[in-house]
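Reading through the structure tokens given below for one structure.
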Amino acid sequence: MRDLPYGLIRVLDHDGRATDTWNPRLSPDTLLRGLRAMLLTRAFDDRMFRSHRQGKTSFYMKSTGEEAIAVAQSMMLGSDDMCFPTYRAMGWLMARGYPLIDMVNQIFSNAEDPLKGRQLPILFSARAYGFYSLSGNVGSRFGHAVGWAMASAYKGDDKVAIAYIGDGTTAEGDFHEALTFASVYRAPAILCVTNNQWAISSFSGIAGAEATTFAAKAIAYGLPGLRVDGNDFLAVWAATEWAAERARNNLGTTLIELFTYRVAGHSTSDDPTRYRPAEEPAHWPLGDPVERLKQHLILLGEWDETRHAALIAEVEADVREAVKAGEAIGTLGKSKPNLAEMFEGVFKEPDWRVIEQRRELGI
Amino acid sequence: MRDLPYGLIRVLDHDGRATDTWNPRLSPDTLLRGLRAMLLTRAFDDRMFRSHRQGKTSFYMKSTGEEAIAVAQSMMLGSDDMCFPTYRAMGWLMARGYPLIDMVNQIFSNAEDPLKGRQLPILFSARAYGFYSLSGNVGSRFGHAVGWAMASAYKGDDKVAIAYIGDGTTAEGDFHEALTFASVYRAPAILCVTNNQWAISSFSGIAGAEATTFAAKAIAYGLPGLRVDGNDFLAVWAATEWAAERARNNLGTTLIELFTYRVAGHSTSDDPTRYRPAEEPAHWPLGDPVERLKQHLILLGEWDETRHAALIAEVEADVREAVKAGEAIGTLGKSKPNLAEMFEGVFKEPDWRVIEQRRELGI
Amino acid sequence: MNMIQALNSALDTMLARDPDVLIFGQDVGYFGGVFRVTEGLQKKHGLRRCFDTPISEGGIIATAIGMGANGLRPVAEIQFADYILPAYDQLVSEAARLRYRSAGEFWAPITVRSPYGGGIFGGQTHSQSPEAIFAHITGLKTVIPSNPYDAKGLLIAAIEDDDPVIFLEPKRLYNGPFDGRHDQPLTTWAGDPTADVPEGHYTVPLGKAAVVREGDAVTVLAYGTMVHVAKAGIEAAGVDAELIDLRSIVPLDIDTIVESVRKTGRCVILHEASRFGGFGGELSALVQERCFYHLEAKIERVTGWDTPYPHAFEWDYFPGPARLAKALKACVES
Amino acid sequence: MNMIQALNSALDTMLARDPDVLIFGQDVGYFGGVFRVTEGLQKKHGLRRCFDTPISEGGIIATAIGMGANGLRPVAEIQFADYILPAYDQLVSEAARLRYRSAGEFWAPITVRSPYGGGIFGGQTHSQSPEAIFAHITGLKTVIPSNPYDAKGLLIAAIEDDDPVIFLEPKRLYNGPFDGRHDQPLTTWAGDPTADVPEGHYTVPLGKAAVVREGDAVTVLAYGTMVHVAKAGIEAAGVDAELIDLRSIVPLDIDTIVESVRKTGRCVILHEASRFGGFGGELSALVQERCFYHLEAKIERVTGWDTPYPHAFEWDYFPGPARLAKALKACVES
Ligand SMILES: Cc1ncc(C[n+]2csc(CCOP(=O)(O)OP(=O)(O)O)c2C)c(N)n1
Ligand SMILES: Cc1ncc(C[n+]2csc(CCOP(=O)(O)OP(=O)(O)O)c2C)c(N)n1
Ligand SMILES: [Mg+2]
Ligand SMILES: [Mg+2]
């Protein structure tokens, strides 16, 4: 237990063989659903990134290389559990069948945008899918997960909260405050650090990673800390299952460091070759999570290259169709929600200020 | 090293005998100066507490039982080092011969108040004595010590910063942010948690002390964490010396938990019997630091009860004299600094707002 | 009841009525709060309903928001309003924006109670009035009672409100109606009509000001402690002023304000916070925009100075009745 | 130079001139900042003079204050002004109060640079204008340039100032003078007189406004991006307006404002931040208090709406030239 924060929990070896210790023993069907969600996430990212280049939206962020994390955790946890995501957790929604068209509409801020044009692209909210409201500021929702989990314990139900924070963002006071409350009140929460080794242009050492691991920060709060290969679908699943079990049995919070790698740039706004070796991403530290799961399925005799190619073609088709549908409604600036939505939702009931200002704007 | 955060560094045993391992081997003269500063601090606290009851000031806070900490560290560190205190570190000033009369005048907010009537009693500032400006809000200066230390390293001098934070206040984000910067930039700082087991009415468990030690929080930042008997003058000295040595050799920051006990109430505003057993303080967990040092000196053959009684009488006389002098100038409301001081020092140069407002007030 | 008892009664009432209401903050549990507002609530309603928190204002508010998102109605105490600042990002970036940005999927039905204001020789960090930094934030409501009856009714309304409410309690009024004449003997709430506070549930709606005194010569706008200072100042000036207690500054009862100033043609604004960028500026601008052709004199602001709150100079900083009276005379005579 | 280059030149000049100047913030080192303002500075002046920090705004400002107390002149970058809030307590409770409370023994000669404002489709948390929450704080200075020449001169003045300065950079003006007509082709700073920025050291004093355009019909008060919007609005309205670029809101150049309004008898205030409790309220109150008998029309405020900054409705929220022109016409005709 005392060494877990310094090791690395891994199930899939280099050739895709599953080692025993942490193997969650999932059915081939489950593995294939995971593979599909990961491929869908990647295909969607690639397509929307292009849409941004084409000026169809203002902003986009990819999670290339990190797909195994949100996908495995989304599948492993229950529909009543709540995820407090970062902008790199879109796999959560993909794994739960969130309608692609709704995502596209939000990203285009068009007339059908489920967030009514109020939010930057990909800063989703999807309560019915256990996906809490995102915002541009990082870190500040980590503690909400702890409060949400405390409420769940207070009500006596067995729902758990799972939250993500990036390696760089662990430096915010929010991280410490969330963990302190989680420890003091034994909140049924799973707090995850997605250590993709980069924070925009800063390597994880700027967040303290040269001094110790992120999992080791659990020790400061007397909490168990697991360090997990985040590109290993099976390891992520197993560690999450272990933490969820603890939480549901009122044993409290687990901190999980998910060691991964940010393959793409930070967002559409930066060029990573300005701050890291151009060839670094090509080397896929830890290996491509999709390839690793694919190899595993092939070894199990459940999968092959032809079916894999077909699956890729299938998810790409789904994405293409959704984007077409979204473009038909309209891309950024070409279509937008009813202007009145700008003034709605500041409070539950509008007060005189927005009512007057609506009039001032002539709507 | 890995176990230090979980042990307790102690030199003086129950009978006042010095064990070997961490014994700093101080001269009797040094020990006696320490004893005097501790007695002076305690006498001053008792006297000013009474002054508050007599309505001569608005507020006061004692450090009874914690005197060994600030006194030993003040004596051990150099005159160019900077202390970022809490309101329970008055021993630092006592050990450096800060004029009692200046303290009294500040506490009375009278015409001679060195802080010009602007600050609540005991929220001192004494740059020449290596004592940074205090404020009523807790925690928010912990990171200043790290910045101060980074500046010292940048300039290439060998000054170190020492900062205190209470056990309860470690829950603030400031604590985590300070330690993160200290670790990433190897700041020559000594960061101390004075764990007196209480935060107003909350026991240290509300800050997470049931889950682990405060010293163990160092592990989250890859820093050494020492857990020290804070009522043991020699242990505090030795641990500080060790940390200062590391800092001056550019080995970076050390986190020191000083385990002690808040014997008095939190401040003049609370009655501790409302939230903890009335007899708890009588049992002096860890023992009275003054008694322990006194016994040690007696065992060394350097001290006896008569000289001790005389020393107490002496420091009480010093305090009485200073308070008399302060009362002659005036107590709260009876005397105050020049009213113009209210408008000075907002900026280096006053702007039109305070100039006009001074006129509006008719001065 | 004094204001402390009235607030305690509001919390007690809501704890008994609604299992989703939780109360937490530093020292609020066993101890009952440094100002005794939560006294006895843990004993009566249990450790799970009223408990102590770590010293982490950001953590307290983050926890409250998360609980609110999961169906509870948390009431958090920040021990002094001066110490609300470490939670400012949580309040502004999260609590205030959650409903809007999620298109109504999530919201923060939280109440943040905090004692504010001076007059107790609390020095720079136990005396400040931060209402202006909340009033500017879209999505936050800010309420400030001036007497026991309103305190209870407004607090219950705030707790039942589905939006985040900053509830600032004038600590100088906890035990009695202080009118700024610090040289006078202390008065308690005993005998004051607003001290006769009903047991049980009632509300005072957010966004409705109270006309405390009717008059024709000038309108005085005040809230919290300053309502009582205004009474004394009006008396001292001997002018027939109309005194409006705003009670909540967001939502603001603009109609009552405008109606009064259109009647009197004059307006003096009183607050304890420092002047520059304070809420008085917004009030002055609103009145000027809506009553321009009715104004017979310039709108005056009587406020704390543009300095920190200085310990020894408390009564030189505090905008007392004498300063208000001077402004009132100047206003009605111009 | 465009504004980015001008700011870079100011930092480069000060790094070369004063060994006590250090520059740090998220991604400012090797990468040169997400807006490229610190590009090349680490390479030229070394890792010890210009470096990356953890993602911890509170930690960044706390570190800067501590360095300042030890004799340095830190210049910290907060990546977006929306993200300055986690450091609000450090700025208000510490940086702003250190000199006063220590009776001058310690002070915080820090400069906090941060890009603010909208017009770039940055959504709710990359578009806000937080000047009002700083203007109210005694002990903080707040500076907002509107062109490259001022940006460099004001930034050097801010760095050399011994008090804490919040330096808000209108990100929409980094690459060109945007006047709010978003349907027009992008313009760059090339050819603009203010783009011809001298190399080396010069300052533009804090607290001196600039009269950008003289006129007799009405005074327009603006700062940052809105200065350019004001020009377009004045042109569109075809009124002889006097346009004042405040440049710094604390200290505020009250004399220039009052003199102008006494001349024109009319005043319109323009800012991008939401209206309620915004800095426009303070400006309106000050003008009203000092020019009451000169005012021929009510003082108008043209501002962002009292909503968060909505992504899809950027141009409906943004107070553009058309809205200003409407207000100007109404003002001069009344
Ligand atoms: C409070 C706050 N500070 C700064 C930023 C600017 N910012 C956006 S993402 C980012 C890097 C985050 O890195 P990390 O936490 O490692 O997450 P990753 O992007 O690698 O998933 C920064 C600094 C922000 N959005 N919010
Ligand atoms: C930011 C802030 N929050 C809350 C308070 C109120 N307060 C003053 S002292 C204190 C308890 C501090 O306890 P601890 O850190 O253990 O220090 P101790 O008093 O025991 O020395 C609290 C909550 C404060 N002063 N500042
Ligand atoms: Mg990262
Ligand atoms: Mg303590």
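Every chain is numbered from 1 and lettered A, B, ... according to where its sequence line falls, protein lines coming before strand lines.
With a 4.5 Å cut-off on non-hydrogen atoms, Thr125(C) touches chain B through its side chain but not through its backbone. Of the two parts of Asp82(C), neither the backbone nor the side chain holds a non-hydrogen atom closer than 4.5 Å to a non-hydrogen atom of chain B. Neither the backbone nor the side chain of Phe59(B) has a heavy atom closer than 4.5 Å to any heavy atom of chain C. Contacts between Ser202(B) and chain C at a heavy-atom distance below 4.5 Å involve backbone atoms as well as side-chain atoms. Of the atoms belonging to Phe313(C), heavy atoms from both backbone and side chain fall under 4.5 Å from chain B. Neither the backbone nor the side chain of Glu344(B) comes within contact range of chain C; no heavy atoms are under 4.5 Å apart. Only the backbone of Asn338(B) comes within less than 4.5 Å of a heavy atom in chain C; its side chain stays farther off. Contact of Ile200(B) with chain C is made through backbone and side chain together, with heavy-atom distances under 4.5 Å.
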- Query: Yes or no on side chain to side chain donor-acceptor pair (under 3.5 Å) for His126(C) and Tyr309(C), after CA distance, side-chain angles and deciding distance?
  - Reply: CA-CA 9 Å; His126(C) 303 90; Tyr309(C) 211 111; over 6 Å; no

- May I have the step-by-step check of ring pair (Phe, Tyr, Trp, His ring centres under 6.0 Å) for Phe49(B) and Tyr60(B), ending in yes or no? CA-CA 6 Å; Phe49(B) 202 83; Tyr60(B) 194 74; 7.0 Å; no

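For the residue pair His311(C)/Asp113(B), the side-chain donor-acceptor check at 3.5 Å is not satisfied. If you check the side chains of Tyr275(B) and Asp270(B), you find a donor sitting under 3.5 Å from an acceptor.
Within the 4.5 Å cutoff, the side chain of Leu361(B) has heavy atoms near those of the Phe343(B) side chain. With a 4.5 Å cut-off on side-chain heavy atoms, Asp316(C) and Lys336(B) count as touching.
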Using residues 57-65 of chain C as the side-chain source, report each donor-acceptor pair under 3.5 Å to any protein atom, sequence neighbours left out, with the distance given to one decimal.
| residue | atom | partner | partner atom | Å |
| --- | --- | --- | --- | --- |
| Glu57(C) | OE2 | Gln26(C) | NE2 | 2.8 |
| Thr63(C) | OG1 | Gly59(C) | O | 2.6 |

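When Pro121(B), Ser335(B), Ser269(B) are compared by the number of non-hydrogen pairs under 4.5 Å with chain C, Pro121(B) comes out ahead. Ranked by heavy-atom pairs under 4.5 Å with chain C, the first of Gly173(B), Pro337(B), Ser135(B), Ala207(B) is Pro337(B). Of the listed residues Leu332(B), Val346(B), Leu339(B), Thr169(B), the one with more heavy-atom pairs under 4.5 angstrom with chain C than any other is Leu339(B).
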